[in-house]
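Residue numbers start at 1 and run along the sequence shown. Just so it is clear, the structure is predicted and the values come from calculations on it, not from any experiment. Order of appearance sets the numbers: ligands from 1, and atoms from 1 within every ligand.
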Amino acid sequence: MNELTELHIAESFVTRSMAAISPLFLLFLIPIIPLSLLAILALIVRPRPIKIPIKSRHVFITGGSSGIGLALAHRAASEGARVSILARSGSKLEEAKKLIQLATGVEVATFSADVRDYDAVSKAIDESGPIDVLIVNQGVFTAKELVKHSPEDVKFTIDVNLVGSFNVIKAALPAMKARKDRGPASISLVSSQAGQVGVYGYAAYSASKFGLQGLAQALQQEVISDDIHVTLIFPPDTNTPGFEEEQKSRPEVTAIIAASSGSMETEEVAKKAMDGIKAGNFTVSCNFEGFLLSLATTGMSPQRSFWLAFLEVITAGPIRLIALFFQWDWYKAIEKWSKTKTK
Ligand SMILES: NC(=O)C1=CN([C@@H]2O[C@H](COP(=O)(O)OP(=O)(O)OC[C@H]3O[C@@H](n4cnc5c(N)ncnc54)[C@H](OP(=O)(O)O)[C@@H]3O)[C@@H](O)[C@H]2O)C=CC1
Ligand SMILES: CCCCCCCCCCCCCCCC(=O)[C@@H](N)CO
């Protein structure tokens with residue numbers, strides 16, 4: 001045998017045995033790809049996972065006299081926190097205080113101030129003492145087409161929901177940053193699903209809530225080294241006094257589009273929100289549609305969980321397709337509705 005034939009025999013042996021093992025070998029390779037992706041994500045997700053304790057801590061809630069804020073105050077009190085609530089109306093604050101005391105035995109501190117008034121907010125926060133968990137929840141909403149919305153009301157919405165949130169956070173930050181050996185702190189903001197996607201009738205409201213996303217992302221980078229952790233909460237329609245009021249004049253199309261995500265009870269939303277805050281999640285969705293919406297709009301948000309990061313990576317394409325189907329459905333509804341209106 002010369003060298004060439006030897007090589008031939010060896011070669012055909014190798015190819016034949018490779019042909020025999022290759023399907024098995026490939027099967028073995030399949031999990032390697034997702035597993036290495038998971039491993040990479042576990043290494044790179046930032047900020048790192050964190051847990052926020054609630055018991056024995058000072059929880060300060062704006063808009064804590066009604067709806068979602070009141071339910072959050074109630075939850076925090078029953079979990080053993082020291083609770084402060086802030087809102088404009090003194091009588092609603094007193095009523096909330098009584099309700100919480102009756103249900104939990106805990107006496108919450110109340111502060112009457114308008115979040116649009118920086119000095120008033122700052123005074124209330126200084127009086128309340130250093131905050132461990134700040135929940136910026138106050139909000140106003142009127143669903144109306146922009147042509148019918150007065151400039152004053154547009155400004156009011158942005159002032160209370162967005163500028164008011166800046167006021168609250170700015171007033172609380174110095175003492176929160178200065179606190180020592182008190183454990184990780186949290187600043188959370190109650191946005192809305194209308195703060196993830198623009199919705200007919202919510203031009204002003206959506207703009208005010210989209211603004212919170214920019215505020216929250218930038219703020220998280222600024223306070224991470226102070227052990228302060230930012231959370232953004234995105235509820236769907238929720239049965240609150242404010243929502244009851246809103247429904248009286250909400251355009252029909254607004255209701256149709258919002259119905260894509262159903263509605264929730266105040267206590268359910270408060271539970272989701274509080275669990276999300278305690279888990280230190282940057283983004284907190286409240287129902288299944290909300291979870292899809294968060295996947296679809298995650299963009300450049302920070303992500304602490306490598307599992308969720310993994311899900312975001314692998315669903316990016318398909319979730320965009322689902323989003324386009326939702327848009328298709330909504331524009332059909334708008335078209336149909338505007339036709340019946342002009343008839
Ligand atoms: N209900 C819903 O369908 C949804 C609500 N959200 C958001 O959840 C948050 C709470 O909503 P919800 O519970 O329904 O609202 P409510 O109207 O039931 O309660 C609003 C709270 O905010 C306070 N508030 C309003 N304006 C000011 C102000 N200028 N300064 C200080 N406090 C103020 C109110 O007290 P007072 O009037 O006495 O000041 C009240 O305590 C809002 O940010 C809202 O946008 C998000 C998605 C859905
Ligand atoms: C992949 C894509 C999945 C998409 C599912 C999307 C469903 C979005 C519906 C938007 C609902 C807006 C509710 C606003 C509630 C609110 O804030 C007012 N009630 C005022 O308080």
If hydrogens are left out, which of [options] has an atom nearest to [atom], that is, the closest non-hydrogen atom?
{"atom": "atom 20 (C) of ligand 1", "options": "S261, G139, G242", "value": "G139"}
{"atom": "atom 7 (C) of ligand 1", "options": "S191, C286, S65, P235", "value": "S191"}
{"atom": "atom 24 (N) of ligand 1", "options": "Q138, Q247, E245, M264", "value": "Q138"}
{"atom": "atom 30 (N) of ligand 1", "options": "N239, V115, L70, L72", "value": "V115"}
{"atom": "atom 13 (O) of ligand 1", "options": "I68, V140, V136", "value": "I68"}

At less than 4.0 angstrom from any non-hydrogen atom of [X], what atoms of ligand 1 do you find?
{"X": "F243", "value": "1 (N), 3 (O)"}
{"X": "G67", "value": "13 (O), 18 (O)"}
{"X": "V190", "value": "7 (C), 8 (O), 9 (C), 43 (O)"}

For [atom], closest protein heavy-atom neighbour:
{"atom": "atom 32 (N) of ligand 1", "result": "A87 CA, 3.6 Å"}
{"atom": "atom 38 (O) of ligand 1", "result": "S89 N, 2.9 Å"}
{"atom": "atom 29 (N) of ligand 1", "result": "D114 OD1, 2.9 Å"}
{"atom": "atom 9 (C) of ligand 1", "result": "N137 O, 3.0 Å"}
{"atom": "atom 45 (O) of ligand 1", "result": "Y205 OH, 2.7 Å"}
{"atom": "atom 14 (O) of ligand 1", "result": "T240 OG1, 2.5 Å"}
{"atom": "atom 16 (P) of ligand 1", "result": "S66 OG, 3.5 Å"}
{"atom": "atom 11 (O) of ligand 1", "result": "F141 CE2, 3.9 Å"}

Under 3.5 Å between some N or O of ligand 1 and some N or O of Q193?
-> no
Please indicate whether any nitrogen or oxygen in S192 is less than 3.5 Å from any nitrogen or oxygen in ligand 1.
-> no
Does at least one non-hydrogen atom of [X] fall below 4.0 angstrom from an atom of ligand 1?
{"X": "T62", "value": "no"}
{"X": "P236", "value": "yes"}
{"X": "P241", "value": "yes"}
{"X": "K209", "value": "yes"}
{"X": "A96", "value": "no"}

What part of [X], side chain from CB on, backbone N/CA/C/O, both or neither, has a heavy atom under 4.0 Å from ligand 1?
{"X": "R88", "answer": "both"}
{"X": "V160", "answer": "side chain"}
{"X": "A113", "answer": "backbone"}

If you look only at distance, which donor and acceptor atoms sit under 3.5 Å apart when one is on a side chain in residues 31-55 and the other is two or more places apart or in another chain?
unit_1, atom_1, unit_2, atom_2, d
S36, OG, I32, O, 2.6
S36, OG, I33, O, 3.1
R46, NH1, L43, O, 3.1

Sequence neighbours excluded, the answer for salt bridge (Lys or Arg N to Asp or Glu O under 4.0 Å) partners of E95 is none
Only pairs at least two apart or in different chains count here, so list each ring pair (Phe, Tyr, Trp, His ring centres under 6.0 Å) that has a residue in residues 232-289.
-> none
Is there a side-chain contact between L173 and D226 (heavy atoms, below 4.5 Å)?
-> no
For L93 and T110, work out which heavy atoms get closest and say how close.
-> O-CG2, 3.8 Å
Could you tell me, for ligand 2, which of its N or O atoms are under 3.5 Å from any protein N or O, listing the pairs and their distances rounded to 0.1 Å?
unit_1, atom_1, unit_2, atom_2, d
ligand 2, 17 (O), S192, OG, 2.6
ligand 2, 17 (O), Y205, OH, 2.8
ligand 2, 19 (N), D237, OD1, 2.8
ligand 2, 19 (N), E246, OE1, 3.1
ligand 2, 21 (O), Y205, OH, 3.4

Checking D237, N287, V199 against Q193 for side chain to side chain contact (heavy atoms under 4.5 Å, CB included), the one that qualifies is N287
Should the pair K339-E335 be classified as a salt bridge under the 4.0 Å nitrogen-to-oxygen rule?
-> yes
